[in-house]
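Encoded as structure tokens, the structure appears first; notes follow it.
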Amino acid sequence: MPPKLHTKFDDKPEPSASKPEKSSSIQGNSLKHVLEDGGSDLSHTHVAKRARLGILKPESHTKVTPSIQPQKARHSQTKDTTSTQAQIPGAPEIKKKVQNLKPNGVHQPNPQLLQKAAKELEKVRKQLPIWSKKADIRWALRNNDVLLLNGETGSGKSTQTPQFLYSEPWCKKRTVKVKSKDERDEEVSVGGVIAVTEPRRVAATTLARRVAREMGSYIGKGTGSGPVGYAVRFDSYTPKGMKIKFVTEGMLLQEMLHDPHLRQYSAVIVDEIHERSVDVDLIAGFLRKLIHGDKRGRGGIPLKVVIMSATLDLGGLEAFFSKPEALSNYKPVAVEYVEGRQYDVNIFYEVKPSQDYFQNMLQTILKLHTTERLPGDILAFLTGQEEIDTMQTQLEQIAANLVKTVPRMKVMPLYGALSGQAQQDAFEKVKEPFTRKIVLATNIAETSVTVSGVHFVVDCGKSKVKQYRPQLGMESLLAKPISKVSAIQRAGRAGRETTGKCFRIYTEEDFTKLEMDELPEILRSDVVEAVLKMKACGVDNVLDFPLMDSPDIKAMEIALVQLHIMGALDEAGNLTGTGDKMARYPLPAAYGRVIIAAAESDCLLDTIDIISCLTSDTEVFLQPKTEEDQEAIETARTALENSRGDILTYLETVHHYTAENADRNDWCQKRLISTRSMKMAMSIRRQLRQICFHQKLIAELPPPDPQPVEEISPERAEIILKTFLKAFGTRTAVLGASGYHTTQGHHEITIHPSSVLYGKKVEAIMFLDNVYTAKNYAKKVSAIQANWIVEALEI
DNA sequence: GAGCACTGC
């Protein structure tokens, strides 16, 4: 029986969702979906949030001001403030005006027009839910060092909070006296800028652009002047007079290596802390130390901290940032709650646990497609590329046989490995008439991007999660149930533009059994990088470092030992000069170690070329789809493949690519090499060369490309491989009667088919990557001599 | 002959 439907703020049922015929039409088929009270389900999370706010001690100076926005406000147009498709809510015409501003002179747009546009934008800003909290937020930070701000999606927290604060009296730049390392007094300036951290580059740059416009400025090129800037890898803009700076989390950590007291800043705003990346966990720990520790490094000036999140455990965070020994009248933390803007989404569950969620999902998508009226696209969450490809094939087969009265289907895959253009295609609105877009996505669509036009979400309830096993030093990737927060986030994707529906391919009971939050990344990863960063930022005892969630002590100890073996830490566990250098490369610690070894053995430039390929975010060598392609590609690649393995194959590839001066895209296409990957590799190569030049590891920057291809002599190859062995000596295996066995632990290991050494038998191998899937596979493999291993491990 | 989500310096 369909239960009574009502929305959270309005007891009147939504007309489209409440028609009994419609719900019974869903119930009356094999899908057996039960119509659930979606409004109350989503509002359940709101209730939960308020309930958690209630945990706060009454004596702690907490301002709890949950507010319910009137229905009207909730039904105005909303957009994700951090999405790549970020738009100014309700003001497309203003956006257009701003974009069309004609430059006055050469670079600067007309200031009067900018001011006028900002004035217009202010009208829109005043309608944002957070606007009514302006005074509360300012008041909170005048009286506290820390503010926890729980702002839902669409509340405007990311764009407005820094603007509320930059003109506050505590935000002024000051000149103070501090003690230098050798106990001398020196004058430094402290404060004046607010940093806002974002987990992704697109978020940092698009938010900066938007806030600049709201402030009557704009983001230009090179050095300009203006109140807003940003810094992400490979790109930054820090104008004169900058008051607000959007940065990625990794970038702020990098800044902390040079400026551990964050003297540039009056405040740090941490956005999206609920995503809980390793970097944001480290930032939270450092900020807590800065707030609670002595402030002499900042000349006594406190750093203000705002922690922002859409969904967060405020109780836990409040405890984390409170001083444990707080006096009864000490008020360290304030809490604000801002209602977001989101249309209601009705949730439908399976009645019975599904045996085959893939088939159920297929059925649900078809049912939605054939019964729901247009417009209204479908977004389906699956676990991975393979599932998505299969689903696409099956849906398209069925679509070909649909009757003419049913809309046509446009099936679009969406996952990270797709090219930028292919991803863009999934965002585009369908142009064809009488057609419904069906986007099959991984959890890239959960946070990173917004797909427009979606009214229906189908959620399989699973996602692939990386899990690290410290004892084995191995990672595995498994499909696991998602968290409640994730499930709600996925459902919310149906309510961006209008009231939506979400079909969960699992039972309501399964939903209640889900964990509230995802396990934070720091508990699922190798902590070598995290430990090195802590050490480099001056943390002597990493086991004492305040973390919201501390990894297993064993995992920390293994990381410490690993860093000692690599020479980053001495016997006493103190950071060495090598370790300090390693922490400053934008690379995993092991590759940092290789760079240093390379400088000593005079193969630095070649090593940089190799590491640039290895750390580019997509695979360099694409996989051919058909067998004919396979043969053609293999012939085209012969000049690049080096019989000594994958490392030297990458080197050959960079040598040939950079020697190519005619058409690099064409060069890549002929060899089925990813152009995106090679472009990124070239950026990394430039950055690493620059850093090594500054560290004086190379005397001068190498001449620009193209350079003639140099043959890699056997002697040179040996030097390069031995250089990598200095960091990867423990990642080796020797050939026995029954295949390869690792030198550490004597586990059986097989060379992965993606390696040029696949199926080859050599005396010993070194592998940079190790995954456990069907077998224990070694990836990125090189042929070495067994006696080199002993040599490498002795040093 | 494998099959892998996402992000960041």
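A note on names: the letters A, B, ... follow the listed sequences, proteins ahead of strands, and every chain is numbered from 1.
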Exercise for the section: Please state whether the rings of A:Phe724 and A:Tyr591 are parallel, tilted or perpendicular, taking 30° and 60° as the class boundaries. Expected result: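 Answer is perpendicular, since the angle exceeds 60°.
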Can you tell me how far [atom2] of [N] sits from [atom1] of [X], to the nearest Å?
X: A:Arg233; N: B:dC9; atom1: CZ; atom2: C1'; result: 6 Å
X: A:Leu414; N: B:dA5; atom1: CG; atom2: C1'; result: 12 Å
X: A:Arg685; N: B:dC9; atom1: CZ; atom2: P; result: 21 Å
X: A:Glu619; N: B:dA5; atom1: CD; atom2: P; result: 12 Å
X: A:Asn776; N: B:dA2; atom1: CG; atom2: C1'; result: 14 Å
X: A:Asn443; N: B:dT7; atom1: CG; atom2: P; result: 9 Å
X: A:Asp235; N: B:dC9; atom1: CG; atom2: P; result: 10 Å
X: A:His274; N: B:dT7; atom1: NE2; atom2: P; result: 15 Å

Sugar-phosphate, base or nothing in reach of [X], heavy atoms under 4.0 Å:
X: A:Arg584; result: nothing
X: A:Thr248; result: sugar-phosphate
X: A:Leu587; result: base
X: A:Tyr758; result: sugar-phosphate
X: A:Lys466; result: base
X: A:Gln385; result: sugar-phosphate

Looking only at the side chain of [X] (C-beta and beyond, no hydrogens), which of the listed nucleotides [options] gets closest?
X: A:Thr442; options: B:dG1, B:dC9, B:dA5; result: B:dA5
X: A:Pro588; options: B:dC4, B:dC9, B:dG1; result: B:dC9
X: A:Arg201; options: B:dG1, B:dA2, B:dG8; result: B:dG8
X: A:His752; options: B:dA2, B:dC4, B:dC6; result: B:dA2
X: A:Val232; options: B:dG1, B:dA5, B:dC9; result: B:dC9
X: A:Arg200; options: B:dA2, B:dC9, B:dT7; result: B:dT7

Problem - A:Gln359, CD: over 12 other non-hydrogen atoms inside 6.0 angstrom - result: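 Counting other residues, nucleotides and ligands, CD of A:Gln359 exceeds 12 neighbours.
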Problem - A:Asp281: salt bridge (charged side-chain N to carboxylate O under 4.0 Å, His left out) partners, not counting sequence neighbours - result: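 Applying salt bridge (charged side-chain N to carboxylate O under 4.0 Å, His left out) to A:Asp281 gives A:Arg276.
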Handout entry: Pairwise 5' ranking along DNA chain B for A:Thr383 and A:Tyr777, keeping only the more 5' one
Key =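 So the residue in question is A:Tyr777.
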Practice task
List the steps and the verdict of side-chain hydrogen bond (donor to acceptor under 3.5 Å, both in side chains) for A:Ser483 and A:Asp517.
Solution key: CA-CA 5 Å; A:Ser483 67; A:Asp517 295 295; 5.7 Å; no
Exercise for the section: Please confirm whether A:Arg504 makes a cation-pi placement over A:Phe511, using NZ or CZ under 6.0 Å from the six-membered ring centre and within 45° of the ring normal. Expected result: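 The answer is yes, since A:Arg504 meets both limits relative to A:Phe511.
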Problem - Sequence neighbours excluded - salt bridge (Lys or Arg N to Asp or Glu O under 4.0 Å) pairs with any residue from residues 251-263 of chain A - result: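 Every pair satisfying salt bridge (Lys or Arg N to Asp or Glu O under 4.0 Å) with a residue in residues 251-263 of chain A: A:Lys245-A:Glu255.
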